[in-house]
Amino acid sequence: VQLQASGGGSVQAGDSLRLSCVASGRSFSPYYMGWFRQAPGRERELVAAISWRGSSTYFADSVKARFTISRDNAKNMLFLQMNSLQPEDTAVYYCASVIRSPTSWSPGNYWGKGTLVTVSS
């Protein structure tokens, strides 16, 4: 599965952005999918994830109530709606497959190139 994220940009605090990720090569329907981000000097973190049917989701505490994750399996697309963006949301965002266990959501094997989100105050 090849993944390509898009939709990043430079915005002001309080603005919104919608990231998109398109999968090619094979269907990503069976996979849990997620958005990770990495800010300069910081470790990569899982921001949001979604089960293949969309019935189960995960959000990092820092983005709960502000970000929404969704997917369109028919179009092999994954989305991240980001509202009320803050400067601390500045990072490169990556879409990727996710491994779900009873106690964790972990990075999977499929990663796309990231898209940069810059939020200024």
Give the intermediate values and the outcome of side chain to side chain contact (heavy atoms under 4.5 Å, CB included) for residues Cys21 and Gln4. CA-CA 5 Å; Cys21 176; Gln4 178 64 57; over 6 Å; no
Checking Val119 now: which residues fulfil side chain to side chain contact (heavy atoms under 4.5 Å, CB included) with it, not counting sequence neighbours?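 Val119 satisfies side chain to side chain contact (heavy atoms under 4.5 Å, CB included) with Val11, Ala13, Leu85, Pro87, Asp89, Thr90, Val117 only.
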Given side chains that start at C-beta, do those of [X] and [Y] come closer than 4.5 Å, heavy atoms only?
X	Y	value
Ser62	Glu88	no
Val47	Phe59	no
Met33	Ser97	yes

[atom1]-[atom2] distance between [X] and [Y], expressed to the nearest 0.5 angstrom:
X	Y	atom1	atom2	result
Asp15	Gln86	CG	CD	10.0 Å
Cys95	Lys113	SG	NZ	12.5 Å
Leu78	Ser70	CG	OG	7.0 Å

Does Tyr93 form a side chain to side chain contact (heavy atoms under 4.5 Å, CB included) with Leu80? I'd like the steps, not just the answer. CA-CA 10 Å; Tyr93 285 72; Leu80 185 68; 4.2 Å; yes
Residues that, via side-chain heavy atoms closer than 4.5 angstrom, fall in one hydrophobic cluster with Leu116: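 Tyr32, Phe36, Leu46, Tyr58, Val92, Tyr94, Val98, Trp105, Trp111, which link up through side-chain heavy atoms under 4.5 Å apart, make up the rest of the cluster.
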Over all heavy atoms of both residues, which pair between [X] and [Y] is shortest? Give the atoms and the distance, please.
X	Y	value
Ser84	Arg66	O-NH1, 2.9 Å
Ser120	Gln12	OG-NE2, 3.2 Å
Gln38	Arg44	NE2-N, 3.8 Å
Ser51	Arg71	O-NH1, 3.0 Å
Ala23	Leu3	CB-CD2, 3.6 Å

Could you check Met82 against Ser16 for side chain to side chain contact (heavy atoms under 4.5 Å, CB included), going step by step and ending with a plain yes or no? CA-CA 5 Å; Met82 305 186 294; Ser16 298; over 6 Å; no
Could you work out, with ring pair (Phe, Tyr, Trp, His ring centres under 6.0 Å) as the rule, every residue matching Tyr31, not counting sequence neighbours?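 Partners of Tyr31 by the ring pair (Phe, Tyr, Trp, His ring centres under 6.0 Å) criterion, ordered by chain and then number, come out as Tyr110.
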Check the pair Arg37 / Glu45 against side chain to side chain contact (heavy atoms under 4.5 Å, CB included), numbers first and verdict last. CA-CA 6 Å; Arg37 70 184 180 187; Glu45 64 170 333; 2.7 Å; yes
